[in-house]
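Here is the structure we will look at, set down as structure tokens.
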Amino acid sequence: MTGSDLIGIMILAAGLFAIGVFGVLARRGMLFQLVALEVALSGPALGFIAAGAYHADPEGQGMFILVLTLAATEVAVGLALFLRLRRLTGTDDSDAISGLKG
Amino acid sequence: MAHLLPFVPVPALLGFVILSLVPVPLSRAAVIALGVGAAVLPAILFFPVGLSCIEGVCVAGAVVPILSIDTGVFVAQIAMSMDPLSMVTGGTVVLVGALVLIYSGAYMASEPLPDLRRFFAVMNLFLAGMLAVVFAADVILLFLGWETIGLCSFMLIAFYDKLPKAVASGRKALITTRVADSFLLAGLMMLFLNAGTTRLDGMLAAVPGIDPWRLAPIAFLIALGALGKSAQFPFHTWLPSAMAGPTPVSALLHSATMVAAGVILLARLAPLFAAAPEISAMVAMLGILTAALGALVALIQTDVKKLLAFSTMSQIGFMVLALGLGAPAVALSHFAIHAVFKSLLFLSAGVMSHAAGGSTAIESLRGSRYRQPLAFWSFAVGAASLAGLPVITAGWYSKEAVLAAVWSSGPWGVPLWLLAATAAVLTGAYAFRVVFVAASQTADLAAPAWGGLAVVVPLTVLTLVAVIGGLSVGALIQFTGGATVHTPLLPTLLGAAAPILGVLLARQLVKHPQELEALAKRMRHVRIFRFEVLYYYYFVRRFRRVATVLGNAEGTEAVADAVALRREGVDVPGLVTDDPLGRGASQVRGIRTDLITRATDGQTPVVRMVAGDPVGRLLIVVARLFVGFFVARFNPDRIDRAWMGLAGGAGHAWALVRRTQTGRVRDHSLWIALGCAGLLLFAWGTSWR
Amino acid sequence: MTAAQFAALSPLVVLAIAAVAAMMLVPLARLQIVQASAAVGLAVAAALVLLRIGAPAAPMGALFTDDGPARFGIVFACLVSLGALVFLRTGHPAKEAPSLLVLVAIGAATLVGAGHAATLFLGIEILSLSLIALFAFRLTRQGLEAAYKFLVMSGLASSALLLGIALIFAETGALDFAGWGGRGALTAFGTALLLAGLAFKFSLVPFHMWTPDAFEAAPASAATLAGVVSKSAVAIVILRLALTAHLPEPVWSQGLAALGGASVLIGNLLALRQPQLPRMLGYSTIAHSGYIALIIASGTPHAGEAVLFYLAIYAPAMLGALCVAAALGRAPTLPDLHGLMQRRPLEAVALSLSLLSLAGLPAAGGFIAKLFLLRVLIDGGLWVLVGIVVAGSSLGFFYYAKFFTAPFVGHTHDESQPLPQLDRGLLIVCIALIIIFGVAPAGLLNVVTATMAP
Amino acid sequence: MALIALILLPAIGGLVAFFVAGKGERERWVTIATFALMLVLLIAVVATGGDGRWYDKVSYPWVPSFGISLEFAIDGLSATMIALAAGLGIISVMASWSEIRTQSGLFHASLCWTVAATVGVFLSFDLLIFAFFWEAMLVPAFTLIAVWGHGDKEGAALKFLIFNAAAGFGLLAASFALAAMADHMTFSAFELAEMKLSTPVQVWMLLGFSLAFMVKLSVPPFHAWLPEAHTLAPTAGSILLAGLLLKTGAYGLFRFAPMLFPDGLAAVAPYGIALGAAGALYGGLVACGQNDAKRLVAYTSIAHMSIVLMGIAAGVHYALAGAAVEMIAHSFSASALFLLIGALYERTHTRDLRQLGGLQQTAPKFAAAFALFCSALLALPGTANFVGEALVIVGIFQVNWVFALLALSTLIVSVIYATRLLKGLVFGLPQPKPPLADMTWREYWPILVMGIGTLIVGLYPQSLLALLEPAIKAALIHTP
């Protein structure tokens, strides 16, 4: 893998991250926000794989596994919160749960 | 006997301390006894001191040191002088003081006990302060006494404190003299810094060494201070209103002693003024101006005390004139004689008006000759002395000495003499105007006679002195170091004729009162007599405006309470219209026609008095615009409001920033994204090369 | 694994055992027992570190460092968690909260020892996830809302952090802090994103939005964990980054200074007229994070000591204030505090002293902390930052003073429960620490200096 | 050790008062006893005689790694100010005997702690310890105003706190900058004074210091906190604020500006004098427009403190002596007037000059006391205020006669506000209608003591100046 490949993949990773961020910003549904979060996390995951490959360093793959674990736990906790919130408020609109402000 | 000198003021001071500070109830008789005794004792103590002068102890420059304080910063030498000057003035003060207090023991006897006690306490304090002024041989003691008598004057003028006018008059006197005192203090400080000592003799010894460019301002400041205390033009306005005090106060403070303190000071610092001739000339000019104007204004007065006040002003003008011309001895002799006859006039006028039901209007004295013969005749003697009837009165001798000094004072002597002689004519006129009115018949003679030893003794003694004291004038002048000036016969004769002319004029005026009224009416349109109004307009009003605007009185709790009450519908009289500094009037909306009206509205009483005088009005308009401009710049709301604006700005910022905290997770995430973007931009910008 | 290495790791092991034990005890024992087991774990972990005072740093490899700041951080995290455990009242029959609390402590302990991206990441995630669970623990609408928002934002911040690490990794090929460096564009971008991710956990403006919500909605002791334990751990890790990594310079220091300055100003501004005590404290922690960030950004020789010193003084004040807030029921506002002095003098004194310390006025410890802050900034000649600190603190006086007075004036009625003995003990300890740090700071300063000594 | 005891005594006394408070008047007596003990201790220290410059001088390490030490020294100036602190403390307790009925323990504790912190300020010669006490005194004073004040007390207290605490940063920042320039880490003023700094650096440092001092002195335009704080504070608070806290600003300027920055002070002195003159005039003018008696006195404090500033800035012997005397004199007169107005307010529940009057008819003791202290206010010769102001003005004449004339004009303004106070309270028809009770002994004796003090210093200033002379000599920056 050459340096320019690495840059290309890094740009892709950053693009994934940006898409995820945009998803969180653009979607009001909580479920979609959680999905967008997964997309955002996949960006760095890709980055670690690519960088690990470039430097021939297994640590990159180790980081990849950690990121995946995190993504899974985040989604698990997030889904639990989502269910509880929807039962309590009857909506999945994240804009609607804005009781804490000021 | 010199060692007795420092103890002369002590009884008076003790009297004050006992009467005012010792919280023990005293009976009426005890208060009077204490108060009068504390004033008589100094006279008794002074007697041996005065006698020792005959033995020749009192020479110029004789000083009794009291103590010297090394403050670490400078050495303050407190001392009393035993020179002829202080002996003459001191003798006069103790004599007049004792007599006036004896008199007031009877005059004030019917006042409520607390007021009586306060009266005697302050009178005693005044006497102590006055003695400090006359005996002081150093500026510290001098200024101590100087300010003390100023404060006592305020307290005594405001004695009838339930009358707002009395308190206002007292404040006016105190503030006006304080303005002058500040000048005096400045002058004394500069003199002190140049001479390096607080002793007056040391200061005077240093005078020749002082650069004339420095000496002139020093002399100027000191002269202003002295003139202010002595109610000379342009500080004269406080004296007539000071007559709101009780009559003995007017007799002691505002005729005989306190107002003459300036004269004493000028006489004591005569070498200083001799070294600053231009300032001396100014002093002389102001003196003659006051003498003439005072006499003229006295002529049209309808109140006997006011008349005497203007007369005091005028007579002190004569003394100041003499001082300005470099004849302190003459001025001092006139001071002594004037003190005697002026207090005599006040005391006897007090008796007469007492018999007339307390009114001090000249008209109400009509018939006093039959009701109060003793008082009337002593008044007549006093008036004769004031007018300076030739040969038989003391006043003639001292005034002649002044006129002679004027005549022989160089190229300007003759015109000045003419002016002074005119003033003398007017003096005779106004003095005898009262006498003639009091001597006339009236239907109502039923008022009770009033007298007693406490009244008779002072009147008699003062009358005697006012008649025979003239014989001592020559000796006095010699004693205080002046030379008898031999004037040509013509001015002497003319000078003698002046009072007689005045008496004739008075006769005429009393016979035809309408002429006097016409004169009074005409004089009211002459601008110089509107001085009082201008003074009020330019200083008092302006000051009040500045103070109110600066003071931001709306912020105070009391006003806030009043506003709250008014909101509830309760009428609060003191809110806007009764603003203590009187700026409510400007709130009134009137029809505004032209600039002048606009600039002068709300000032009705004052402006009306200047109406028909375009120059005066223009001046006022300019002054008002000028001050308004500056006051607007100076508004303290701005200092405070700027600070509070900062606080308010922070509050607004809080409300603004707070709105970013919307509670929506998308908005919050947006901030995170923006933060990331910002940091990335920063990283991009700084790693670009 | 050598004995020294095991000894260095033993606190983490003990904490992990305690967390598991507390979890296992839930169906078997009463809440008190569960809490006790958590407390024992925390205390033993702290003691294990303290026993090794003076011991040389064990060679642990890049994943875990065993230096002074790490030990300080572990003890600090354990003790503050112990304090937070005292007033951990979730108001819910579930008894898992103590276990979660120990998990937070584990996260913090991991984070403070982090010398490698993996530990950094793990520590942050353990912290975040257990905090999310604690925020939501009451299952109230507000708690869930705060937890959800925190989850989403924390996810974003984590991805930013990870992307940053990935970018740096891509350029430098290293994942341990010591290997980070260089001046390439990728490192610069990576540093920016790394900073963003850390700033979120450190609640620096503009990544601060979650803080007040968490303080308002979560149980007060969860707020303590978020505001003190997690934040201190992040502070120590940022400090370690500043000391060991050679991150590209203008980005790291000036970026940190910019975030810190913004936090000082905006945090204080946001708290200015906030009527609610916990929310106000939330905003005020933003400002305090800002002060600490400024210290680190100054890069002066004493910065490390100043950070630890600041944290040590900040902790008892925040702990005391939040304990009182917990005692007064949910989200007490300014009027609720009126007359507190007559009703509950201990709470009133503790709250006032805590606020005094946070405001940085003597004789409370906060004054000394502020002195240190100013000294560090002035040593660095950073007069702009001094100006920002002065402006921010002056704003701070306003709201602290308002809450400071409230307990002494007026009267209100309340029928809340009297405070348990343990809470009283905690408050007394906080008061004592605040005063001792305020009038005799030499001891603490010595500890901090010794900690930072190489 | 005695010096530390002087600080610790009131600090501990406050704690004791806090805990013994309850039924009875125990906390009041404890507080009085504390201050009395302080006076005894102070006399014991002064009686040792010292070495001509310092009566006692000690130094203990506090935070050695920081270069901070507990560096305390006492000379005549410090001793005078501490005596004032203890005396005013006793007077404050007496003045609040019937006024303070709620949370009396905390009140007296705050009183004690305010005094303890100010004593610390007067003794400290380590800049950071000085700053420590400087900021520490704000807190109990803030509490005094915010809890026991009147009206919008919290607003007033906040203004007080924020102004002073924010300005305190100037002191802190300049101290650190100064220490950073030293060759080793030290904050000892004695050691820092040895440094030779260039004039511009000195000016900057001085500006930092004087920011704190001038806000405390409340020289316009930094005065905005003072009127509200003085007006709305309880009587004891006003007494301590005017009599003690303002003096710490004057003390700091007097002590440290010439000691640490002689060249800087000389360079900015004309501006200092001008600011003081303008401030004195401004404060006086504003005082003339007040209806609230307490507010009026508060503004006179601004005027008098500006005169002190002028004196210190002038830097000549007369002016410094005058400034020192004026500090003491103003403590007496302002505290006494606040005490009197507070006692009056307790009886009438108003301080509005238009709703009061005729005291000389109804309450002659009140009237006499007001007359005495109004005389002091207008700087009547014979009162300490005159000595102070006259010496300051003489000194300024040596420096610049234009400013001296400006300063003299404040004497004119002072007579206007003083007589306004007299007119509103003492003269006139007795108001309000039910005649009020005259002073009780608790109110009378403090007034008597302060009155005698004013007169003694006024008539025999050497009594005070001899004590202050070494400090004044040390503060000289010009010897014309």
Side-chain angles (χ1 to χ4, degrees), chain A residues 3 6-7 9-10 13-14 16-18 20-21 24-25 30 33-34 36-52 54-57 59-60 62-64 66-67 69-71 73-78 80-82 84-85 87-89 94 96-102, chain C residues 62 116-118 121-122 124-126 128-129 132-133 135-136 139-156 158-176 185-186 189-190 193 209-210 212-217 270 274-276 279:
Chain A
L6 178 66
I7 299 290
I9 295 176
M10 277 302 163
L16 278 174
F17 170 72
V21 172
V24 171
L25 293 180
M30 288 196 257
Q33 285 184 324
L34 290 175
L37 218 54
E38 290 304 301
V39 176
L41 277 169
S42 69
L46 177 63
F48 277 119
I49 292 288
Y54 177 72
H55 290 291
D57 187 350
E59 280 188 341
M63 286 303 286
F64 171 73
L66 284 179
V67 174
T69 324
L70 167 77
T73 37
E74 289 242 333
V75 167
V77 176
L81 288 175
F82 164 66
R84 197 80 201 184
L85 265 172
R87 195 179 306 159
L88 217 61
T89 61
S94 76
I97 46 164
S98 56
L100 299 165
K101 57 181 160 193
Chain C
H116 187 278
F121 173 63
L122 267 181
I124 284 188
E125 287 314 322
I126 297 174
S128 302
L129 288 168
I132 290 169
F135 289 172
L139 294 182
T140 57
R141 187 193 150 129
Q142 287 186 320
L144 287 168
E145 180 188 336
Y148 177 73
K149 285 197 229 166
F150 184 66
L151 174 90
V152 171
M153 285 187 269
S154 147
L156 284 183
S158 296
S159 8
L161 176 84
L162 284 170
L163 186 61
I165 295 173
L167 289 174
I168 299 173
F169 181 46
E171 176 148 330
T172 61
L175 280 171
D176 53 335
L186 276 185
F189 286 135
L193 286 172
M209 298 285 193
W210 60 274
D213 297 351
F215 272 69
E216 182 183 347
L270 277 168
Q274 181 54 245
Q276 216 181 60
R279 218 174 161 77

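None of these values were measured; they are calculated from a predicted model. Throughout, a chain's letter reflects where its sequence line sits, starting with A, and its residues are numbered from 1.
Smallest separation of non-hydrogen atoms from C:H116 and A:E59: NE2-OE2, 3.3 Å. Minimum interatomic distance between A:A13 and C:L163 (heavy atoms only, all atoms of both residues): CB-CD1, 4.2 Å. In plain terms, the two heavy atoms of A:A51 and C:A170 that are nearest each other are CB-CA, 3.6 Å.
Using a 4.5 Å cut-off between heavy atoms, A:A18 makes no contact with chain C at all. Residue C:L151 touches chain A through both its backbone and its side chain, counting heavy-atom pairs closer than 4.5 Å. Proximity to chain A (any heavy atom under 4.5 Å) is restricted, for C:E216, to the side chain, taken from C-beta onward.
Proximity of A:L88 to C:L139: side-chain heavy atoms (C-beta onward) are nowhere separated by under 4.5 Å. Two residues are said to be in side-chain contact when any heavy atoms from C-beta on lie closer than 4.5 Å; A:T89 and C:L144 fail this criterion. Under the 4.5 Å side-chain criterion, counting only non-hydrogen atoms from C-beta, C:L162 is not in contact with A:L66. At a threshold of 4.5 Å between non-hydrogen side-chain atoms, the residues A:E74 and C:S128 do not count as touching.
Scored by the side-chain contact (heavy atoms from CB on, under 4.5 Å) test, A:S94 finds A:M30, A:Q33, B:V665, B:R666, C:Y148 as partners (sequence neighbours excluded).
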A:I7 and C:L186: side-chain contact (heavy atoms from CB on, under 4.5 Å), yes or no, with the steps?
CA-CA 9 Å; A:I7 299 290; C:L186 276 185; 3.8 Å; yes
Check step by step if side-chain contact (heavy atoms from CB on, under 4.5 Å) holds for A:I97 and C:R141.
CA-CA 9 Å; A:I97 46 164; C:R141 187 193 150 129; 3.8 Å; yes
Side chains of residues 36-49 of chain A: which donor-acceptor pairs under 3.5 Å do they make with residues two or more places apart or in other chains?
residue, atom, partner, partner atom, Å
A:S42, OG, A:V39, O, 2.5

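For the set C:G155, C:A146, C:A133, the entry with the most heavy-atom pairs within less than 4.5 Å of chain A is C:G155. Chosen from C:P212, C:A217, C:S154, C:A160, the residue pairing most often with chain A at heavy-atom distances under 4.5 Å is C:A160.
Side chain of C:E145 to main chain of A:L100: a donor-acceptor pair is present (N/O by atom type, distance under 3.5 Å, no hydrogens or angles).
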